[in-house]
Amino acid sequence: MLQAKFALSGSNWTIKSLEVGSKNDNNVTTLIDKTAGGGRTIGVLDVGHASNITLKSTTISGIIGGTGNHTLVLGSGSHDLIKLAGDTSLTGGSGFIDAIRIGGSAQIEIN
């Protein structure tokens with residue numbers, strides 16, 4: 001079982017694409033903003049099977065993932081697409097979310 005953990009910090013950086021595991025493996029991706037920093041962008045984040053994501057300010061254009069459980073707590077960053085095949089708990093912050101597509105059950109709270 002792959003358990004990938006990322007702690008984001010700093011400011012003014014870009015990651016074009018980050019893909020972890022596969023949608024069918026029993027992996028869990030954890031991604032956390034350690035600090036609130038400006039100008040942090042990830043183009044596409046493929047979290048694989050399951051994820052725990054907590055963001056303060058990082059913007060992610062597309063978040064995609066497999067059929068596992070997903071927990072997302074989003075902050076001030078904006079997101080174009082969240083597309084997750086599994087059961088999902090999503091808490092939105094002050095940033096925009098343009099589109100949400102969930103394949104399993106969903107609990108969504110937008111602040």
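Values reported hereafter were calculated over all heavy atoms of this structure, with side chains retained and with hydrogens, waters and symmetry mates removed.
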Quick check against the 3.5 Å criterion: does Arg101 have a side-chain atom that pairs as donor or acceptor with the backbone of Ile82?
no
Could you check if a side-chain atom of Leu8 sits within less than 4.5 angstrom of a side-chain atom of Leu31, using non-hydrogen atoms only?
yes
Check whether any side-chain heavy atom of Thr35 sits under 4.5 Å from a side-chain heavy atom of Asp33, and report yes or no.
no
Determine all donor-acceptor pairs shorter than 3.5 Å in which one atom belongs to a side chain in residues 104-111; sequence neighbours excluded.
from, atom 1, to, atom 2, distance (Å)
Ser105, OG, Asp87, OD1, 3.2
Asn111, ND2, Gly92, O, 3.2

Closest approach of Gly38 to Ser11 (non-hydrogen atoms, all atoms of both residues)
O-CB, 3.0 Å
Determine whether Leu45 and Ile53 satisfy the following criterion, side-chain contact (heavy atoms from CB on, under 4.5 Å), listing intermediate values before the conclusion.
CA-CA 11 Å; Leu45 173 63; Ile53 298 172; 3.9 Å; yes
Which pair of non-hydrogen atoms, one from Gly37 and one from Ser57, has the smallest distance, and what is that distance?
O-OG, 2.8 Å
What's the spacing between Lys16 NZ and Thr41 OG1 if we round to 0.5 Å?
12.5 Å
Quick check on the hydrophobic clustering: are Ile15 and Val20 connected, directly or via other members, by side-chain heavy-atom contacts under 4.5 Å?
yes
I would like to know whether Asn52 and Thr54 meet side-chain contact (heavy atoms from CB on, under 4.5 Å); could you show each step before the answer?
CA-CA 7 Å; Asn52 295 302; Thr54 302; over 6 Å; no
Could you check whether any side-chain heavy atom of Asp98 comes within less than 4.5 Å of a side-chain heavy atom of Leu81, counting everything from C-beta outward?
no
In this structure, CZ of Phe6 is separated from CD1 of Ile32 (nearest 0.5 Å) by 11.5 Å
What one should report as the nearest heavy-atom pair of Ala36 and Lys56 is N-CD, 3.9 Å
State, with a plain yes or no, whether a side-chain heavy atom of Val28 is found less than 4.5 Å away from one of Met1.
yes
Enumerate donor-acceptor pairs with a distance under 3.5 Å from any side-chain N or O in residues 68-75 to protein atoms, sequence neighbours excluded.
from, atom 1, to, atom 2, distance (Å)
His70, ND1, Ser51, N, 3.4
His70, ND1, Ser51, OG, 2.8
His70, NE2, His49, O, 3.3
His70, NE2, Gly66, O, 2.9
His70, NE2, Gly68, O, 3.4

Verify same cluster id: Leu84, Leu18 (apolar side-chain graph, 4.5 Å):
yes
Test side-chain contact (heavy atoms from CB on, under 4.5 Å) on Lys5 and Thr29; report intermediate values, then the result.
CA-CA 6 Å; Lys5 297 182 180 183; Thr29 300; over 6 Å; no
Do Ile102 and Ile60 land in one hydrophobic cluster if side-chain heavy atoms of ILVMFWY residues count as linked below 4.5 Å?
yes
Linking Ile, Leu, Val, Met, Phe, Trp and Tyr through side-chain heavy atoms less than 4.5 Å apart, which residues share a cluster with Phe96?
none
Applying the side-chain contact (heavy atoms from CB on, under 4.5 Å) criterion to His79, which one of Thr58, Ile100, Ile42, Leu55 satisfies it?
Leu55
